[in-house]
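In what follows, a structure is listed as structure tokens, so that the remarks can point back to it.
Quick note on labels: first sequence line is chain A, next is B, and so on, each numbered from 1.
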Amino acid sequence: MNKNPKQKSNKIKARLPRGLADRGPAELAATREMIEKIRAVYERYGFEAVETPAIEYTDALGKFLPDQDRPNEGVFSFQDDDEQWLSLRYDLTAPLARYVAENFQHLALPYRSYRYGWVFRNEKPGPGRFRQFMQFDADTVGAASVAADAEMCMLAADTMEELGLRRQYVVKVNSRKLLDGILDFIGLSGEDNFYRRLIVLRAVDKYDRLGWAGVKQLLGDGRQDESGDFTKGAGLSEEQIAPIQYLLTRPPQNLQEGEELPSWEAADALYYNFKFGNDPARVPIRNSRTIETLRGHFNSPLFEQGLDELDEIAALAYRARYGSARILVDTSVVRGLEYYTGPVYEAELTFEVKDEKGRLVRFGSVAGGGRYDGLIARFTGQKVPATGFSIGVSRLLAALQHTGKIQVKPQPGPVIVTVMDKERMGEYQGMVKELRDAGIRAELYLGNPKNFPNQLKYADKRNSPCVVIQGSDERHRPGGPVVTVKDLMLGSRLSDKDSDRAEHLRRQSGAQMIVPREHLVPAIIQLLLQNRVIETDQIS
RNA sequence: GCAGCUGUAGCUCAGUUGGUUAGAGCGCCUGACUGUGGAUCAGGAGGUCGGUGGUUCGAGUCCACCCAGCUGUACCA
């Protein structure tokens with residue numbers, strides 16, 4: 001068709017857009033398993049499911065209308081045929097706020113709901129960072145009480161436990177009011193300081209990555225990274241930086257000498273290796289101590305209010321017997337989003353793993369959330385308190401794979417009924433049907449049946465537990481027709497690379513059994529049960 | 001966006017100071033071993049060396065620009 005001699009190829013190159021991923025059967029099965037576990041916990045807490053579409057009007061997402069030149073900065077956006085801007089959602093919180101505002105009359109407040117789904121961000125992808133990823137989200141709307149926040153923390157902790165991560169995670173809590181109070185205190189309040197507050201927030205959010213030295217530069221004049229790129233700082237003075245440093249570098253506080261923990265808490269507390277003189281001792285952390293030591297440090301009512309909130313959350317968690325190993329008050333947690341107005345929380349994995357190249361991988365934060373009392377007011381004008389929590393499903397799954405908590409192995413394939421004689425396809429199909437009726441995954445070999453080895457190769461690639469063979473030998477048995485059932489799992493264990501072909505075939509015959517045609521189904525069920533491909537309760 | 005590194009077959013990579021028809025291993029396909037996954041053996045397909053332009057008698061190799069990927073950094077409402 002194309003007459004251009006310079007045309008190189010009219011083939012389209014098959015390629016995956018960057019930052020996106022295909023997912024195979026193993027990963028899908030693992031994801032499903034994980035989601036069911038999370039869902040079970042959320043349901044137990046009384047949250048109900050609600051789903052919103054992946055596309056929203058751009059303004060509903062809180063993003064200003066896209067730049068005509070760069071409409072996809074950060075979010076994927078496009079114009080509808082009536083010229084209105086639409087965008088793919090970048091989280092599940094903003095769409096929920098829209099849903100609540102739109103259905104306010106009909107919802108029973110406090111409204112508690114959960115949902116999971118894909119969200120999209122048009123940002124530079126990196127290891128473990130995709131442009132499409134899954135979030136699992138829970139929100140309580142219409143409850144101003146910090147009890148709702150405390151419950152989010154407990155929900156987060158219970159979810160991690162359910163996923164088998166006991167003692168491998170910690171839910172950290174802080175209140176945005178602490179930082180806001182300090183910003184007030186150092187004279188950064190008011191509309192005209194909005195931008196500087198934003199810089200401070202961003203800088204502080206990088207604490208775990210850059211450490212205090214890096215954050216300090218960002219709060220001051222600015223910071224130059226290894227590649228030579230310079231980031232302008234917030235331009236704060238030493239006196240303004242000091243209170244922020246106090247908040248950020250203040251570690252969770254230990255139990256005081258003479259104090260004792262009840263045994264449940266001792267077993268559920270986080271310990272620090274702390275030096276008394278020269279003796280290192282493992283000293284438990286107590287959240288109430290962390291809060292106490294911050295009292296009255298700044299002349300700021302907002303700061304004290306934040307401490308009150310944390311105190312209440314800590315007390316509620318304590319009464320529900322969550323120790324500091326599970327819910328930890330940590331004033332260095334900030335979270336980047338500016339819409340948070342009160343308590344913020346983050347579930348962090350505390351273990352480290354090595355990747356294929358032997359490099360250390362820290363999963364860090366796998367979930368987070370907080371109170372956003374202003375989000376729904378954007379639609380209704382009326383302030384509606386809300387608090388929510390989101391799990392990064394894909395990232396958490398990657399972590400679970402590393403700990404071996406979840407199997408991401410290929411699932412066993414179907415039983416393959418092979419074709420020895422293509423005139424008798426109907427009979428083979430009949431065997432398949434019998435197996436399926438018994439609840440067993442089975443399929444007829446649909447490829448070219450000309451050479452038999454290919455059929456076994458196919459079954460091997462599908463990870464099939466066994467194949468069914470019936471050629472003329474089996475059909476014309478004097479005692480009546482039989483089938484050969486070949487156990488591929490046993491066969492692969494029996495194969496030996498050093499042996500020659502004759503030896504190989506002799507060995508393989510040991511992995512086969514001959515059963516009367518009418519006993520096909522029970523024989524296969526027995527084989528699958530023996531190999532743990534199916535469980536007894538799966539037989540129909 | 002900024003910076004550094006990388007780009008040769010499906011994958012992992014060789015390719016000498018620029019020199020004929022660009023290679024290997026693995027994988028893939030076909031066949032042999034009369035109806036058995038593996039091993040073995042015999043064949044085969046697959047690359048305008050990321051793209052364009054330049055220097056040169058001659059470029060996978062040198063130069064410029066562009067593109068893509070990776071890493072760091074920024075942005076992430």
Side-chain angles (χ1 to χ4, degrees), chain A residues 5-9 13-19 56 58-67 70 72-75 77 87 89-91 93-94 119-127 129 131 198-199 201-203 205-206 209-210 214 218 222-233 335-339 357 359 372 375 378 416 418-421 448-464 466-475 484-512:
Chain A
K6 283 188 123 179
Q7 179 73 23
K8 284 159 190 163
S9 168
K13 190 171 180 194
R15 60 206 180 113
L16 188 64
R18 101 197 131 102
E56 295 278 349
T58 302
D59 57 5
L61 294 179
K63 158 106 171 139
F64 300 107
L65 283 183
D67 211 312
R70 296 191 305 174
N72 292 316
E73 185 71 8
V75 284
S77 305
S87 295
R89 63 186 175 193
Y90 54 79
D91 67 17
T93 307
V119 300
F120 306 84
R121 292 188 191 177
N122 193 9
E123 293 163 7
K124 191 192 149 183
R129 247 174 110 89
R131 288 152 93 201
L198 202 61
I199 296 178
L201 197 62
R202 286 171 188 166
D205 194 38
K206 293 179 178 68
R209 189 156 47 85
L210 301 178
L218 286 171
R223 174 178 177 270
Q224 190 169 37
D225 65 50
E226 307 88 86
S227 68
D229 201 27
F230 186 76
T231 312
K232 199 169 179 299
R335 302 199 54 74
L337 295 183
E338 64 184 298
Y339 60 60
K357 290 171 186 165
R359 289 178 304 196
Y372 49 95
L375 206 57
R378 289 204 349 256
I416 305 288
T418 59
V419 177
M420 290 295 305
D421 180 355
N448 185 350
K450 203 178 66 184
N451 52 359
F452 189 69
N454 276 353
Q455 303 195 37
L456 289 183
K457 275 188 197 166
Y458 172 76
D460 189 40
K461 277 189 186 162
R462 291 294 307 275
N463 201 26
S464 297
C466 65
V467 296
V468 176
I469 306 165
Q470 193 193 48
S472 54
D473 290 359
E474 285 86 354
R475 213 168 43 250
T484 297
V485 175
K486 180 175 164 101
D487 182 341
L488 293 178
M489 297 156 121
L490 178 58
S492 88
R493 265 176 269 138
L494 292 177
S495 77
D496 173 7
K497 288 198 174 195
D498 297 328
S499 68
D500 63 11
R501 183 176 169 77
E503 171 63 11
H504 178 248
L505 293 182
R506 199 192 60 72
R507 278 171 186 255
Q508 284 302 307
S509 65
Q512 312 190 157

(request) Answer yes or no: side-chain N or O of A:Thr418 and base N or O of B:rG35 forming a donor-acceptor pair under 3.5 Å. (result) no
(message) Quick one: does any side-chain atom of A:Arg378 pair with a main-chain N or O of A:Ala60 as donor and acceptor, under 3.5 Å?
(response) yes
(message) Under 4.0 Å, heavy atom to any atom of RNA chain B: which of residues 486-495 of chain A qualify?
(response) A:Lys486, A:Asp487, A:Leu488, A:Gly491, A:Ser492
(request) Please examine the side chains of A:Val467 and A:Leu456, heavy atoms only from C-beta on, and report whether any two atoms are closer than 4.5 Å. (result) yes
(request) Output the distance between atom CG (A:Leu494) and atom CD (A:Gln508), rounded to the nearest 0.5 Å. (result) 6.5 Å
(request) To the nearest 0.5 angstrom, please state how far the CZ atom of A:Arg475 sits from the CE atom of A:Met420. (result) 9.5 Å
(message) Suppose you measure atom P in B:rC62 against the same atom in B:rA74; what distance do you get, rounded to whole Å?
(response) 34 Å
(request) Using the C1' atom as the reference point in each nucleotide, state the distance between B:rA14 and B:rG53 in Å, no decimals. (result) 29 Å
(request) Would you kindly give the OH-to-P distance between A:Tyr458 and B:rC29, to the nearest whole Å? (result) 14 Å
(request) May I ask which nucleotide in the shown strands pairs with B:rU21, Watson-Crick or G-U wobble, both distances under 3.5 Å? (result) none
(request) Any chance you could lay out the side chain to side chain donor-acceptor pair (under 3.5 Å) test for A:Thr484 and A:Gln512, step after step, and finish with the verdict? (result) CA-CA 7 Å; A:Thr484 297; A:Gln512 312 190 157; 5.0 Å; no
(message) With rounding to the closest Å, how many angstrom separate the C1' atoms on B:rG7 and B:rG50?
(response) 6 Å
(message) Using whole Å, what does the distance between atom C1' of nucleotide B:rC28 and atom CG of A:Asp460 come to?
(response) 16 Å
(message) Using only modelled atom types and a 3.5 angstrom limit, is any donor from either the side chain of A:Gln512 or the base of B:rU36 paired with an acceptor on the other?
(response) yes
(message) Would A:His504 count as stacking on B:rA39 if stacking means ring centres less than 5.5 angstrom apart and planes tilted under 30 degrees?
(response) no
(request) Could you tell me the separation between the CD1 atom of A:Ile416 and the P atom of B:rG37, rounded to a whole number of Å? (result) 16 Å
(request) Quote, to the nearest angstrom, the P distance that separates B:rG51 from B:rU56. (result) 23 Å
(request) Answer with yes or no whether A:Glu474 presents, from its side chain, a donor or acceptor under 3.5 Å of a partner atom in the base of B:rG35. (result) yes
(request) Could you tell me the separation between the CD1 atom of A:Ile469 and the CD1 atom of A:Ile416, rounded to the nearest 0.5 Å? (result) 12.0 Å
(message) Any strand counts, and the cut-off is 3.5 Å on both contacts for Watson-Crick or G-U wobble. Which nucleotide pairs with B:rG35?
(response) none
(message) For the C1' atoms, the ones on B:rG35 and on B:rU48, what distance do you get once it is rounded to whole angstrom?
(response) 47 Å
(message) Going by purine N1 to pyrimidine N3 plus the second Watson-Crick contact, or the G-U wobble pair, all under 3.5 Å, which nucleotide sits opposite B:rC2?
(response) B:rG72
For nucleotides 30-33 of chain B, which of its nitrogen or oxygen atoms have a protein nitrogen or oxygen under 3.5 Å away, and what is each distance?
{"unit_1": "B:rC33", "atom_1": "O2", "unit_2": "A:Arg501", "atom_2": "NE", "d": "3.1"}
{"unit_1": "B:rC33", "atom_1": "N3", "unit_2": "A:Arg501", "atom_2": "NH1", "d": "3.4"}

(request) For A:Met420 and for A:Ala502, find the nucleotide of RNA chain B with the closest heavy atom, then tell me which residue's nucleotide is more 5'. (result) A:Met420
(message) Suppose we define a pair by two distances each less than 3.5 Å, Watson-Crick or G-U wobble; what does B:rU52 pair with here?
(response) B:rA64
(request) Find the distance between OG1 (A:Thr93) and OH (A:Tyr372) and round it off to the nearest 0.5 Å. (result) 5.0 Å
(request) Among B:rG35, B:rG37, B:rA77, find the nucleotide with the atom closest to the side chain of A:Ser472. (result) B:rG35
(message) Any non-hydrogen side-chain atom of A:Glu123 less than 4.5 Å from a side-chain atom of A:Arg129?
(response) yes
(message) For a 4.5 angstrom cut-off between non-hydrogen side-chain atoms, does A:Leu218 reach A:Lys206?
(response) yes
(request) Please examine the side chains of A:Leu210 and A:Arg223, heavy atoms only from C-beta on, and report whether any two atoms are closer than 4.5 Å. (result) yes
(request) Say whether, by atom type as modelled, one donor and one acceptor occur between the side chain of A:Asn451 and the main chain of A:Pro453 under 3.5 angstrom. (result) no
(message) Taking B:rG60 as the reference, what is the distance to B:rA22 when you measure between their P atoms (whole Å, please)?
(response) 10 Å
(request) Find the distance A:Ile469:CD1 to B:rU36:P and express it as a whole number of Å. (result) 9 Å
(request) Have a look at A:Arg129 and say if it touches a base, only the backbone sugar-phosphate, or nothing, with a 4.0 Å heavy-atom cut-off. (result) base
(message) Just verifying a value: how many Å separate A:Asp496 CG and A:His504 NE2, rounded to the nearest 0.5 Å?
(response) 9.0 Å
(message) Between B:rU8 and B:rA3, how many Å separate the two P atoms, rounded to a whole number?
(response) 24 Å
(message) In this structure, how many angstroms lie between the P atom of B:rC75 and the CZ atom of A:Arg209, rounded?
(response) 9 Å
(message) Please report the distance, rounded to the nearest Å, between CD in A:Glu503 and C1' in B:rU40.
(response) 15 Å
(message) I'd like the C1' distance from B:rG23 over to B:rA64, given in whole Å.
(response) 30 Å
(message) Starting the side chain at C-beta, find the nucleotide from B:rC28, B:rG35, B:rU73 nearest to A:Arg223.
(response) B:rU73
(message) In this structure, how many angstroms lie between the P atom of B:rA77 and the CZ atom of A:Arg89, rounded?
(response) 18 Å
(request) Report yes if some heavy atom in the side chain of A:Gln470 is under 4.5 Å from a heavy atom in the side chain of A:Asp421; otherwise report no. (result) no
Collect all protein-nucleotide pairs involving nucleotides 66-70 of chain B in which both atoms are nitrogen or oxygen and the distance is under 3.5 Å.
none

(request) Tell which nucleotide pairs with B:rC26, taking only Watson-Crick or G-U wobble pairs whose two distances are both under 3.5 angstrom. (result) B:rG10
(request) Measure the spacing between CG of A:Asp460 and CG of A:Leu488 and express it to the nearest 0.5 Å. (result) 6.5 Å
(message) Categorize A:Lys232 for me: base, sugar-phosphate, or nothing, with a 4.0 angstrom heavy-atom threshold over every strand shown.
(response) nothing
(message) Rounded to whole Å, how long is the line connecting atom OH of A:Tyr372 with atom P of B:rA77?
(response) 15 Å
